[in-house]
Amino acid sequence: MPSLYRSLCALQLPRRLRALALPAALVALGSCSGLRFIPENEKLFTGSTVKLKSDHPIPREAEITAELESVIRPKPNASILGLRPKLYFWHLGQGKTKGLKKSLADKYGEAPVLLSQVDTQKVKGLMTNRLYNNGYFAGPTVRSKVTVKGRTATVDYTATVQKPYTIKEIHFPERDTLIDRQIRASQSESLLKVGDAYNLNTLINERVRIDNVLKQQGYYYFNPDFLLFQVDSTLDNQVNIFLRVKAKIPARAAKPYRLGRVTLNTQYSLSDTTTSQKPIMYNGYRYVPDEKVFKAKAITNAVFLYPDSLYRRRRQEQTLSRLMSLGTFKFVDIQFRNSRQPDSLGHGNLNAVVRMTQLKKKSLRAEIQYVTKSNNFTGPGLTAQFRNRSALRGAEQLLVNLTATFETRTKTTADTDQGPALGLTSYELGANAQLLVPRLITPPLPFLDVRLPNSDFQPRTTFGAGYRYVLRQDFFQQDFFNLNYGYTWKTKITNEQELRPVDIQYVRLADTSRTFSKLLEERPFLKNSFRQQFVLASSYRYTYNQQMLERRQNQIYLSGSIEGSGNLASLLMRTTGMARGENGYELFGQEYSQYTKVDLEYRNYYRISSNPASGNKIATRLLIGVGMPYGNSNVLPYFKQYGIGGPNSVRAFAARDIGPGSYTPSTAARARTSFYDQVGDMRLEANAEYRQDLFPYVKGAVFVDAGNIWLINEDPSRPGGRFAANSFLKQLAVGTGAGIRIDVEFFVIRFDYAVPVMVPYDGSFNRAGRLNIAIGYPF
């Protein structure tokens with residue numbers, strides 16, 4: 001997203017406007033309860049509960065209860081904190097055939113769901129059917145009870161069941177045929193277990209499992225519907241299950257297939273199904289070349305369909321995923337066609353055609369932005385990106401980025417009394433380049449096949465270099481140089497690993513003004529942070545993310561990283577007996593940083609509803625970060641330190657408006673230096689947010705945030721900033737608030753209003769709220 005949106009400012013509402021807003025909001029919310037829109041002699045249906053009763057233990061009770069709840073119809077009107085704004089919009093459109101009110105009603109309204117619309121007999125019948133599906137064959141009964149409260153009513157269901165039927169015996173196909181033998185060979189992996197309660201969904205899933213097994217063994221034309229289960233009940237609430245292949249299935253579905261000819265067409269176009277380019281043979285493939293863009297090896301390395309091999313659906317899916325992850329194709333598909341007669345083993349033959357539609361090889365993108373930051377800096381910016389999607393004809397992506405910004409900091413009262421704020425005007429120019437190579441470039445490793453043949457995702461090697469020039473007019477100039485090299489790979493859709501063995505940065509401070517030099521002398525912390533230095537870092541990051549599994553009701557995100565700098569250089573210099581300078585060891589006559597930094601982020605997303613499309617969820621996040629300077633350093637480099645506050649952090653406070661610890665700068669110092677002072681070596685932050693669908697594309701939220709940063713070593717210029725185990729919980733800043741999000745799936749505009757509840761320092765504090773405007777969810 002453009003940085004204009006990422007860095008929108010946190011605003012404060014005037015006190016008079018806030019005083020008027022609260023009564024107005026209460027009046028508006030009162031009209032949204034919806035009860036005054038209910039017809040006479042009717043009750044608003046507000047939902048149901050389901051309870052299971054039995055004299056015996058109920059296996060999978062929570063799961064069965066959720067299944068019974070899923071058949072309840074109709075669903076009640078959506079509500080948040082007892083309010084139903086959709087009913088209000090529906091009422092606006094009553095009696096209207098056109099106009100704004102009609103339009104709002106059509107888009108956002110919802111007719112009231114009345115008790116008279118609830119067909120309890122039908123719902124009870126569906127529940128009884130679901131109980132049969134879960135093995136409760138011995139006469140289950142379902143009763144309903146209507147409870148009326150004022151203008152609303154609920155319908156509660158109670159299901160009484162006996163002991164469920166369990167599986168006594170499981171019989172797999174017994175014929176002496178190729179396909180029956182294959183099914184029997186997979187019996188050890190069966191989802192059906194003797195002693196488990198009968199469950200129809202388990203039988204359905206078992207058919208899908210067997211189909212997957214057969215697809216991996218060449219049965220291209222097989223279908224799960226060709227499998228049949230026969231269930232016979234016995235005494236003592238037990239059943240015998242017999243699995244059979246239907247007697248009459250197509251002949252081609254009963255035999256495995258081998259791949260014959262595999263054609264790779266890199267020039268396929270949706271508007272032209274023919275090609276004038278003659279295929280060539282390369283490593284057994286019929287390859288339609290485009291040598292101006294790709295070398296044949298670059299494509300065949302991402303293809304896992306091998307001529308004269310058994311068809312496996314896993315390899316088909318892997319090929320599609322790998323080719324798309326190259327980032328050079330708009331569309332990829334695979335077609336299979338019957339070819340020759342079966343071979344002597346009874347195998348059929350398939351010819352495969354892999355069709356690839358290319359993206360444009362080169363592209364140029366530019367953005368003009370106007371950035372307003374929460375630290376009062378504002379100004380225009382320009383970014384431009386050039387992309388070559390096959391720079392070396394091996395699907396290597398080359399990205400060149402250019403940035404230029406000009407920012408001016410808004411003056412404050414302290415500026416008038418004490419002089420201009422630190423770095424009133426700022427210029428920044430930058431250029432960086434990345435080369436993304438779609439393979440792991442490493443020496444041969446005995447424990448790892450660098451091609452990752454069992455992964456659906458293309459591994460990458462990344463090379464990067466960049467330069468950034470920063471000028472704070474009348475204060476200082478800084479130059480940043482960086483050079484890095486690393487690897488990124490995934491073995492599953494849920495996990496990703498990044499190893500960066502080389503991440504070199506060089507920071508040079510130049511052209512400091514007398515005012516800034518004096519400030520550095522007064523504050524040794526700043527002087528150490530801004531000193532010229534090498535950062536010779538290496539890092540590793542592991543990310544586990546279940547958000548891709550959209551049907552999961554509870555999703556976890558976990559990311560952990562460790563980064564070290566200067567340790568190898570220090571070891572070499574110590575072992576070689578190099579002399580230590582006044583401020584530490586030097587490399588090429590320049591000091592280097594030495595530290596270890598560990599970061600952990602944990603998120604949990606619990607969806608209230610079992611419906612995967614529902615946005616009603618509880619989202620929580622925990623951030624922990626620790627940077628330990630040692631050896632050659634007594635403070636982390638400034639750009640490696642932690643700050644807190646802002647639209648994606650503790651939202652009741654501006655960015656870098658808290659900490660470290662209980663430290664708070666004076667009013668004059670806050671205006672002049674807090675942008676630099678309020679950073680630390682440790683971070684602890686926690687966030688909790690309840691998100692609720694309101695109407696199409698609009699979501700609401702209530703949230704609470706807490707956190708702070710601390711120093712590892714004492715800094716006399718920032719008293720109270722050092723971490724202490726017996727006091728850090730008392731130093732957490734806490735804020736709470738509510739928000740509205742405009743979510744159109746690919747783009748989210750967020751408005752969060754937050755007020756501070758606790759501050760980490762003693763004395764009174766400003767309780768004014770902040771309106772944060774940002775793009776995307778905070779986490």
Open item on the list: Is there a side chain to side chain contact (heavy atoms under 4.5 Å, CB included) between Val748 and Ile775? Walk through the geometry before answering.
Closed with: CA-CA 6 Å; Val748 178; Ile775 290 297; 5.8 Å; no
Open item on the list: Evaluate Arg207 against Asp225 for salt bridge (charged side-chain N to carboxylate O under 4.0 Å, His left out), listing each step before the verdict.
Closed with: CA-CA 8 Å; Arg207 292 203 310 174; Asp225 291 336; 3.4 Å; yes
TODO: Go through the steps for Ser662 and Asp762 under the test side chain to side chain contact (heavy atoms under 4.5 Å, CB included), then give the verdict.
DONE: CA-CA 8 Å; Ser662 61; Asp762 295 329; over 6 Å; no
Open item on the list: For the CG atom of Leu44 and the OG1 atom of Thr154, what is their distance to the nearest 0.5 Å?
Closed with: 11.0 Å
TODO: Enter the distance from Tyr697:OH to Ile749:CD1 here, rounded to the nearest 0.5 Å.
DONE: 14.0 Å
TODO: Begin with the C-alpha distance, continue with both residues' side-chain angles, and end with the deciding distance and a verdict on side chain to side chain contact (heavy atoms under 4.5 Å, CB included) for Leu558 and Leu600.
DONE: CA-CA 8 Å; Leu558 177 65; Leu600 178 67; 3.6 Å; yes
- [ ] Taking atom OH of Tyr542 as the centre, report whether more than 12 heavy atoms of other residues, nucleotides or ligands fall under 6.0 Å from it.
- [x] yes
Over all heavy atoms of both residues, which pair between [X] and [Y] is shortest? Give the atoms and the distance, please.
| X | Y | answer |
| --- | --- | --- |
| Pro140 | Tyr132 | CD-CE2, 3.7 Å |
| Gly739 | Asp752 | CA-OD1, 3.4 Å |
| Ser70 | Lys75 | O-NZ, 3.8 Å |
| Glu685 | Asn648 | OE2-O, 4.2 Å |
| Thr383 | Thr403 | CG2-CG2, 3.9 Å |
| Arg750 | Pro647 | NH1-O, 3.0 Å |

Task: Chi angles and distances behind the salt bridge (charged side-chain N to carboxylate O under 4.0 Å, His left out) call for Glu61, Lys51 - done: CA-CA 10 Å; Glu61 181 175 359; Lys51 183 183 293 185; over 6 Å; no
Test item: side-chain donor near acceptor, [X] and [Y], under 3.5 Å:
| X | Y | result |
| --- | --- | --- |
| Thr620 | Arg603 | no |
| Asp156 | Thr49 | yes |
| Asp599 | Tyr642 | yes |
| Gln162 | Ser54 | no |
| Arg387 | Asn401 | no |
| Asn604 | Gln555 | no |

Side-chain touch [X]/[Y], heavy atoms, less than 4.5 angstrom:
| X | Y | value |
| --- | --- | --- |
| Tyr108 | Lys86 | no |
| Asn708 | Val650 | no |
| Thr357 | Val332 | no |
| Gln547 | Ile556 | no |
| Thr46 | Arg84 | yes |
| Ser116 | Glu42 | yes |
| Val118 | Val146 | no |
| Leu114 | Phe45 | no |

Task: Test log, rule salt bridge (charged side-chain N to carboxylate O under 4.0 Å, His left out), inputs Lys490 and Asp456 - done: CA-CA 8 Å; Lys490 297 178 72 171; Asp456 288 350; over 6 Å; no
Open item on the list: Given 3.5 Å as the limit, does a donor-acceptor pair link the side chain of Asn77 with the main chain of Ala111, or not?
Closed with: yes
Open item on the list: Tell me whether Arg651 forms a cation-pi arrangement with Phe751, defined as NZ or CZ under 6.0 Å from the six-membered ring centre and within 45 degrees of its axis.
Closed with: no
Open item on the list: Quick one, Arg691 with Glu689, criterion salt bridge (charged side-chain N to carboxylate O under 4.0 Å, His left out). Give me CA distance, side-chain angles, the key distance, then yes/no.
Closed with: CA-CA 6 Å; Arg691 299 169 183 170; Glu689 188 169 279; 2.6 Å; yes
Open item on the list: So that I know where these two stand, are Phe137 and Tyr198 an aromatic pair - ring centroids less than 6.0 Å apart?
Closed with: yes
Task: Parallel, tilted or perpendicular: ring planes of Phe728 versus Trp710, cut at 30 and 60 degrees - done: perpendicular
TODO: Start with the C-alpha distance between Gln692 and Lys699, add both sets of side-chain angles, then the distance that settles side chain to side chain contact (heavy atoms under 4.5 Å, CB included), and finish with yes or no.
DONE: CA-CA 6 Å; Gln692 171 82 40; Lys699 300 178 185 295; over 6 Å; no
